[in-house]
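A short write-up of the structure that comes next.
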Amino acid sequence: KFKALRHNLKRKGGATMLQKPKAAIYCRLSEEDRNKGEAESESIQNQRMMLLQYAAEMGWAVADIYCDEDYTGADRSRPDFNRLLRDAQSGKFEIVLCKSQSRFTRELELVETYLHGKFAEWGIRFIGYADHADTANRGNKKARQINGLVNEWYLEDMSENIRSVLKSRRESGFHIGAFAPYGYEKDPALKGHLIVDKE
């Protein structure tokens, strides 16, 4: 059986106690999910509640909860993502639990580096609750790799779509920057339209 599933026996005061496996919960929400009809905080809360419930059903202790908001699955600079990796290497937990593999990463390279490389080396099991990704199941390794490839294609398609939309808006005379240039202000009545700042 996978190392992360083994229960360690610990003796305390002459009594033998069963130590629960420790799980880390990772949640992520980014720009790509904003059109799904729910607020960012609600989505993170839903992910957290679902994964906490699953961990409780499995009898796992939750070592920590890691959350990154407004970061894409290809962003390697995510603060809590990197904190999770540091804690994983230092042995703070045996399981990484996510809603799905894509919440952890949308890059096939990171799937190979961590799910199929470092995590196995560190004795850590990865579980994607919704898509049934589970590194304890050798039989679904190819499925995890295919998911990683599909997720990477999704990012490429989304990036191309965004570029097309921005190009079209620029050609139509709309402002696409986050801030209005000096001498102008954003028109509250029309997104992307600038009005002169008379002052």
Task: side chain to side chain contact (heavy atoms under 4.5 Å, CB included) assessment of Val62 paired with Leu52 - done: CA-CA 8 Å; Val62 174; Leu52 282 170; 3.8 Å; yes
TODO: Taking Arg78 for its side chain and Cys67 for its backbone only, find out whether a donor-acceptor pair lies under 3.5 Å.
DONE: no
Task: Between CG on residue Leu194 and CD on residue Glu185, distance to nearest 0.5 Å - done: 9.5 Å
Task: Sequence-distant partners of Arg83, side chain to side chain contact (heavy atoms under 4.5 Å, CB included), two or more places apart - done: Asp64, Tyr66, Asp80, Arg86, Asp87
Open item on the list: Side chains of Tyr182 and Asp197: any donor to acceptor distance under 3.5 Å?
Closed with: no
TODO: For the pair Leu115 and Gln101, evaluate side chain to side chain contact (heavy atoms under 4.5 Å, CB included) and give the outcome as yes or no after the intermediate values.
DONE: CA-CA 9 Å; Leu115 270 62; Gln101 181 176 302; 3.9 Å; yes
Task: Polar side-chain atom of Arg103 near backbone of Ser100 as donor-acceptor pair, under 3.5 Å - done: no
Task: Distance in Å, Leu51 CG paired with Cys27 SG, rounded so as to fall on 0.5 Å steps - done: 5.5 Å
Open item on the list: Run the side chain to side chain contact (heavy atoms under 4.5 Å, CB included) test on Asp70 and Leu29 for me, step by step, so that the C-alpha distance in whole Å, both residues' side-chain angles and the decisive distance to 0.1 Å come before the verdict.
Closed with: CA-CA 6 Å; Asp70 298 327; Leu29 190 80; over 6 Å; no
Open item on the list: Has Arg28 got a side-chain atom pairing as donor or acceptor with Ser102's backbone, closer than 3.5 angstrom?
Closed with: yes
TODO: Dump the intermediate steps for salt bridge (Lys or Arg N to Asp or Glu O under 4.0 Å) on Arg76 and Glu109, then the final yes or no.
DONE: CA-CA 11 Å; Arg76 300 187 181 196; Glu109 183 183 346; 3.1 Å; yes
Task: Minimum-distance pair of heavy atoms, taken over all atoms of Gly59 and Pro21 - done: O-CD, 4.2 Å
Task: Sequence-distant partners of Asp187, side chain to side chain contact (heavy atoms under 4.5 Å, CB included), two or more places apart - done: Ala189, Leu190, His193, Ile195
Open item on the list: For Phe126, is there any backbone N or O sitting under 3.5 Å from a side-chain donor or acceptor partner on Thr135?
Closed with: yes
Task: Inter-residue atom distance Ser43.OG - Arg48.CZ, 0.5 Å rounding - done: 10.5 Å
Open item on the list: Would you compute the distance between atom NE2 of His116 and atom CG of Leu108 and round it to the nearest 0.5 angstrom?
Closed with: 9.0 Å
Task: Where Pro79 and Asp68 come nearest, the two heavy atoms and their spacing - done: CD-OD1, 3.4 Å
Open item on the list: Once rounded to the nearest 0.5 Å, what's the spacing between atom CD of Glu94 and atom CH2 of Trp60?
Closed with: 11.0 Å
- [ ] For the residue pair Trp122 and Tyr114, categorise the inter-ring angle as parallel (less than 30°), tilted (30 to 60°) or perpendicular (more than 60°).
- [x] tilted
Open item on the list: Tell me if the aromatic rings of Phe81 and Tyr71 count as close, with their centers under 6.0 Å from one another.
Closed with: no
Open item on the list: For the CG atom of Leu97 and the CD1 atom of Ile25, what is their distance to the nearest 0.5 Å?
Closed with: 5.5 Å
TODO: With side chain to side chain contact (heavy atoms under 4.5 Å, CB included) as the test, would you mind laying out the steps for Arg106 and Thr72 before giving the verdict?
DONE: CA-CA 8 Å; Arg106 286 191 182 273; Thr72 69; over 6 Å; no
Open item on the list: Determine whether a donor-acceptor pair (N or O, by modelled atom type, separation under 3.5 Å) exists between the side chain of Arg125 and the backbone of Ile95.
Closed with: no
